[in-house]
Amino acid sequence: MQKAGFQHTEYAQIMVHLCRAEILISLIFLAHGTTCPGYPTEAEYQSTCHMNTVSAIVSLLTGAMGLGAVHRYRWRTMLILWLVFCIMSAVGSLLAVITTGIWLDHYSKMKVRTAIGNGLSGFMLLASVALGVCFILTAVMICHYWNSNTTGYQPVQKIAKRARSLRRRLSRAKSCDKKDARPPTSNPEDKGYHIV
């Protein structure tokens with residue numbers, strides 16, 4: 001496996017901050033999902049807790065993999081795995097947003113509501129959105145790094161310029177070969193002299 005050299009780029013500091021934010025939010029979600037405080041009889045709330053737990057586990061793995069890819073394991077295969085896990089974590093965060101939205105809709109129709117319950121549920125929804133945005137940004141940064149540092153994935157303009165320069169070099173080489181292949185002549189008129 002070839003090393004990708006990710007630690008030598010300007011992305012490293014941004015990626016470290018993103019991975020730390022992902023791990024921090026995921027730990028909060030994991031604590032909430034495992035304890036699931038309040039409303040034990042509400043199915044919507046219990047499904048939100050379960051979804052938060054699953055999303056937090058995948059997100060923790062993704063954040064840890066990202067820190068490993070930035071700091072130590074700099075293989076291209078590791079970057080591909082990290083990108084796949086980022087997409088999975090973004091999907092998990094989207095599902096967490098959906099289940100939290102269902103719970104908020106159900107909570108707004110309940111007769112017994114508290115300001116703390118409203119605030120914490122809204123915060124849970126915002127945290128799910130923030131976590132998904134972090135993973136999307138991480139995936140975009142990985143793709144941008146891959147695009148700008150891999151010859152097989154260069155932009156179309158660079159490929160076109162490279163093809164043009166290659167064509168020019170080939171045409172110059174052919175013209176030089178034609179000049180070299182022309183037989184020497186002893187006739188002075190062929191050389192451009194005019195005999196008077």
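Fair warning: this is a prediction, and the values are worked out from it, not measured in the lab.
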Find out if a path of hydrophobic residues (ILVMFWY) with successive side-chain heavy-atom gaps under 4.5 Å connects [X] to [Y].
X	Y	value
Met78	Ile142	yes
Phe29	Phe135	yes
Leu95	Trp103	no
Val140	Ile87	no
Ile28	Ile23	no

Roughly how far, to the nearest 0.5 Å, is [atom2] of [Y] from [atom1] of [X]?
X	Y	atom1	atom2	answer
Ile25	Leu30	CD1	CG	13.5 Å
Leu137	Met15	CG	CE	9.0 Å
Leu18	Ile136	CG	CD1	12.0 Å
Cys86	Leu81	SG	CG	11.0 Å
Glu44	Lys109	CD	NZ	9.5 Å
Ser26	Asn52	OG	CG	10.5 Å

Heavy-atom distance under 4.5 Å between the side chains of [X] and [Y], does that happen here?
X	Y	answer
His106	Ile102	no
Phe123	Ser128	no
Gln46	Thr41	no

Would you find a donor on one side and an acceptor on the other, under 3.5 Å apart, between the side chain of Thr100 and the backbone of Met124?
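Between the backbone of Met124 and the side chain of Thr100 there is no qualifying donor-acceptor contact (under 3.5 Å).
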Output yes when a side-chain donor or acceptor of Thr99 lies under 3.5 Å from a complementary backbone atom of Ala96, and no otherwise.
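Yes: the side chain of Thr99 pairs with the backbone of Ala96.
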Checking Cys49 against Tyr39 for the side chain to side chain contact (heavy atoms under 4.5 Å, CB included) test, could you report, in this order, the C-alpha distance in whole Å, the side-chain angles of both residues, the deciding distance, and whether it holds?
CA-CA 11 Å; Cys49 291; Tyr39 308 104; over 6 Å; no
Could you give the side-chain donor-acceptor pairs of residues 56-69 under 3.5 Å, partners two or more places apart or in another chain?
from, atom 1, to, atom 2, distance (Å)
Ser59, OG, Ser55, O, 2.6
Thr62, OG1, Val58, O, 2.8
Thr62, OG1, Phe85, O, 3.4
Thr62, OG1, Ser89, OG, 2.7

Can you list the steps and then say if Tyr45 with Tyr107 is a side chain to side chain donor-acceptor pair (under 3.5 Å)?
CA-CA 9 Å; Tyr45 184 69; Tyr107 188 73; over 6 Å; no
